[in-house]
Amino acid sequence: MRVRFAPSPTGFLHIGNARTAIINHLIAKKYNADLILRIEDTDMERSTKESEKSILEDLKWLGIEWTEGPDKDGGCGPYRQSERFDIYKKYSDRLVKEGKAYYCYCSAEELDEMRAEALETGRTSTYNGKCRSLSAEEKQKFTDEGRKPTIRFRVEENHEIKIRDLIKGEVIFNSDNIGGDFIIVRSDGVPVYNYIVVIDDLLMKITHVIRGEDHLSNTPKQILIAEALGFERPVYAHMALVMGDDKKKLSKRHGITSVALYRSEGYLPEALVNYISMLGWASETGEEILKIEDIISQIDLDNLAKSAAVFDFKKLKWMNANYIRSADDEVIYRQLLPFLSAAGYDISSYDENFLRKAVLFSRNYCELLSDIGQHMEIFLNDKPAVDGETEELLKSEAGQLIINSATEVLENLPDDSYADQFVDVIKEKTGLKGKNLFMPCRAVITGRMHGPDLADTMKILGRGKCLERISYFKTRYPAG
RNA sequence: GUCCCCUUCGUUUAGUGGUCUAGGACAUCGGGUUUUCAUCUCGACAACAGGGGUUCGAACCCCCUAGGGGAUGCCA
């Protein structure tokens, strides 16, 4: 079994394509199949090398491994369509010679007019077959006029095309409804997707074409080409599309759609892969956070949903937070550090042991890796900024009482229990209770009214740092 | 317009003729834990698009309607 992912390098890898890649990858792993990566770069105007490079990077980041591709020859290359033009030419020459395709001299402008007219009169825009049977003289005349012909594929009338789709079931098209004779080679000699995809899939020995539903209506054209060329056709599986919350095809205006952006915002690839695979699929037990091995063993082409799914950014975040919390300490620590630097902290200036403890503690509060800076502030910033409400609290009677007794209390507690007893002893000394007790105690250590467990926080900081913080707040908000 | 696909809680799904007064997860709301926040935990809210058939019986099968999506390119 051989499957493929065939992106066109005209931009960043976005969620929709990533999903196609992920499903292909999971299915390939499940059946121990080859995954072929093919670059469909025949749109010369929009394709770029940079885009190809970034797509490859994003795929690797997602953990997708292809067995053959532009960087990995497996004997079926080249794997960029732009490097295969001579192959396609052989087949188009053959189709023309056999009368299955013909030169069309209609200009783009003329075709636009015909389309516009068809639209106005409420007809389907079907090519009228004007150039179907041109005489040698007529062709010569067009050539003399300087016209460059396209090559059109001759579509047989009233021909039934039946597709057995692994996801959609049986889908039937009639050749009369696919827009007439379609162009397979542009006037500049560059062949067109719907044509060469058939040749590549055959030559690359693809057995299963797993792709988005937006390709379903292209499939009859591709089947017609395959039939004309005498090719065997692959098995098809068309997946429902991913949509935004307005039920329109997912696009930029719905939020982040580029995989690169997910990476830079601090999503874990495992979480993204897990979430995306849950779009249009459910595990046997209903569990949603699954190891990739479990997804691979349970997911299959015939249990993918037929209907489009809305991408839920909130649920992805929830899942990401789960992955961050349960990740391996060493792994997540390494992943978190760059985000801490990005938040403006000089990592090398802190004691490694302290930093590790604080980071591994704080990760429990992160939904995204990029949240780490904000949660580490209480550990790394010894002179924290204080918001208005907290300032008021520290200036209040209770705040002042605590500021003035905290140093002495903390200094006199035993080493092994200073953190656990701190609040209790303050309570005894001051007679304060409830929020008036607890919040200033926290504020005098972290500068904040809310945060993780205070005793845990103090243990990570160490008594010395806690005392420093207290004296900082003491000088900042002196008893007046 | 035409062709094709789709339609279960707000979202994602389970469900393949009786076990469905329709199950899970996220979100939302409320309780507990945490003298904070988050986590965790318990609970509540909440759906078979509509109409016709078929059948003893329909979320499940058939038809129609409506809604949504995709395609209709010398894009892929």
Side-chain angles (χ1 to χ4, degrees), chain A residues 6-10 17 40-47 81 104 106-108 111-112 115 118-126 148-152 163 165 167-169 171-174 176-180 182-194 196-197 211-221 238 240-241 243 245-249 275 278-289 305-319 321-322 325 364-367 375 423 427 433-439 441-443 448-454:
Chain A
S8 86
T10 53
N17 285 139
E40 308 211 321
D41 54 353
T42 53
D43 185 337
M44 307 304 246
E45 278 168 26
R46 294 191 302 149
S47 297
Q81 291 185 325
C104 170
C106 297
S107 71
L111 292 168
D112 285 346
R115 228 189 324 272
L119 224 61
E120 269 175 41
T121 53
R123 286 179 291 119
T124 4
S125 101
T126 298
K148 296 261 187 277
T150 60
I151 300 178
R152 273 187 195 273
I163 305 168
D165 190 279
I167 295 170
K168 299 287 183 185
V171 182
I172 298 169
F173 289 88
N174 188 292
D176 291 349
N177 294 324
I178 62 173
F182 55 93
I183 291 173
I184 59 173
V185 180
R186 299 172 173 90
S187 52
D188 62 2
V190 177
V192 155
Y193 163 77
N194 271 133
I196 59 180
V197 68
R211 50 162 42 159
E213 191 181 8
D214 46 345
H215 288 283
L216 187 55
S217 19
N218 291 143
T219 310
K221 289 181 186 165
H238 287 96
L241 267 20
M243 314 217 268
D245 52 11
D246 57 356
K247 309 260 181 166
K248 303 267 188 229
K249 199 168 156 182
Y275 176 71
M278 300 309 296
L279 233 40
W281 177 75
S283 71
E284 287 154 13
T285 59
E287 273 178 300
E288 312 219 337
I289 297 185
K306 291 178 169 188
S307 53
V310 174
F311 195 88
D312 185 347
F313 294 90
K314 276 188 186 163
K315 191 155 183 177
L316 205 215
K317 266 196 180 180
W318 164 80
M319 200 170 263
N322 264 280
R325 274 198 302 273
N364 294 310
Y365 298 85
C366 295
E367 281 192 308
H375 290 115
V423 176
K427 182 181 183 179
K433 56 181 182 179
K435 290 196 171 171
N436 273 339
L437 166 71
F438 200 79
M439 293 233 176
C441 281
R442 175 184 299 284
R448 295 187 190 177
M449 292 168 69
H450 303 291
D453 184 81
L454 186 58

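Lettering follows sequence order; numbering is per chain, from 1.
Counting non-hydrogen atoms under 4.0 angstrom, A/E40 reaches the backbone sugars and phosphates but no base. Within the nucleic acid shown, A/C106 comes within 4.0 Å of at least one base atom, counting heavy atoms only. Nucleic acid contact class of A/Y193 (heavy atoms, under 4.0 Å, all strands): base. Residue A/G280 is in sugar-phosphate contact alone, with no base atom involved, counting any heavy-atom pair closer than 4.0 Å across all strands shown. Using a 4.0 Å heavy-atom distance criterion, A/S107 is classed as a base contact. Using a 4.0 Å heavy-atom distance criterion, A/T150 is classed as a base contact. Here A/A309 lies in heavy-atom contact (under 4.0 Å) with sugar-phosphate atoms only. In this structure, A/I172 reaches the sugar-phosphate backbone alone: every heavy-atom distance under 4.0 Å involves primed, P, OP1 or OP2 atoms, never a base.
A search for ring pair (Phe, Tyr, Trp, His ring centres under 6.0 Å) contacts involving A/F173 returns nothing, not counting sequence neighbours. Under the salt bridge (charged side-chain N to carboxylate O under 4.0 Å, His left out) criterion, A/K249 pairs with A/D214, sequence neighbours left out. Under the rule for a salt bridge (charged side-chain N to carboxylate O under 4.0 Å, His left out), the partners of A/R46 that lie at least two apart in sequence or sit in another chain are A/D43. By the salt bridge (charged side-chain N to carboxylate O under 4.0 Å, His left out) test, A/R211 pairs with no residue at all, sequence neighbours left out. Residues meeting the ring pair (Phe, Tyr, Trp, His ring centres under 6.0 Å) test with A/F438, sequence neighbours left out: none. In this structure A/W318 satisfies the side-chain hydrogen bond (donor to acceptor under 3.5 Å, both in side chains) test with no other residue, sequence neighbours excluded. For A/E367, there are no salt bridge (charged side-chain N to carboxylate O under 4.0 Å, His left out) partners two or more places apart in sequence or in a different chain. Every residue two or more places apart in sequence or in another chain that forms a side-chain hydrogen bond (donor to acceptor under 3.5 Å, both in side chains) with A/D112 is listed here: A/R115. In this view, A/H375 satisfies the ring pair (Phe, Tyr, Trp, His ring centres under 6.0 Å) rule with no residue, not counting sequence neighbours.
Rounded to whole Å, atom P of B/C5 lies 12 Å from atom NE2 of A/H238. Atom P of nucleotide B/A27 and atom CG of A/D245 are separated by 16 Å, given to the nearest angstrom. Atom CG of A/L279 is separated from atom P of B/U13 by 6 Å (rounded to the nearest Å).
Phosphate proximity of B/A76 to A/R186: present, with a side-chain N or O under 4.0 Å from OP1 or OP2. Listed pair A/T42 / B/A76 meets the phosphate criterion, a side-chain N or O lying under 4.0 Å from OP1 or OP2.
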Would you tabulate the pairs of protein nitrogen or oxygen atoms and nucleotide nitrogen or oxygen atoms of nucleotides 19-23 of chain B closer than 3.5 angstrom?
none

Listing time: all N or O pairs from protein to nucleotides 63-72 of chain B that are below 3.5 Å?
| from | atom 1 | to | atom 2 | distance (Å) |
| --- | --- | --- | --- | --- |
| B/G69 | OP1 | A/K248 | NZ | 2.3 |
| B/A71 | O4' | A/S217 | OG | 3.0 |
| B/A71 | O2' | A/S217 | OG | 3.4 |

Taking only N/O atoms, report every protein-nucleotides 37-47 of chain B pair under 3.5 Å with atom names and distance.
| from | atom 1 | to | atom 2 | distance (Å) |
| --- | --- | --- | --- | --- |
| B/C37 | N3 | A/G451 | O | 3.2 |

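Minimum atom distance to the side chain of A/K315 is reached by B/A25, of the listed B/C74, B/C3, B/A25. Considering only side-chain atoms of A/K168, the nucleotide from B/A76, B/C6, B/A25 that sits closest is B/C6. The side chain of A/L437 sits closest to B/U35 out of B/U35, B/C4, B/U11. You'll find that the side chain of A/F173 is closest to B/C3, out of B/A76, B/U13, B/C3.
Using a 30° and 60° split on the angle between ring planes, A/F311 and A/Y275 fall in the perpendicular class, above 60°.
The side-chain heavy atoms of A/Y193 and A/N218, taken from C-beta on, include a pair separated by under 4.5 Å.
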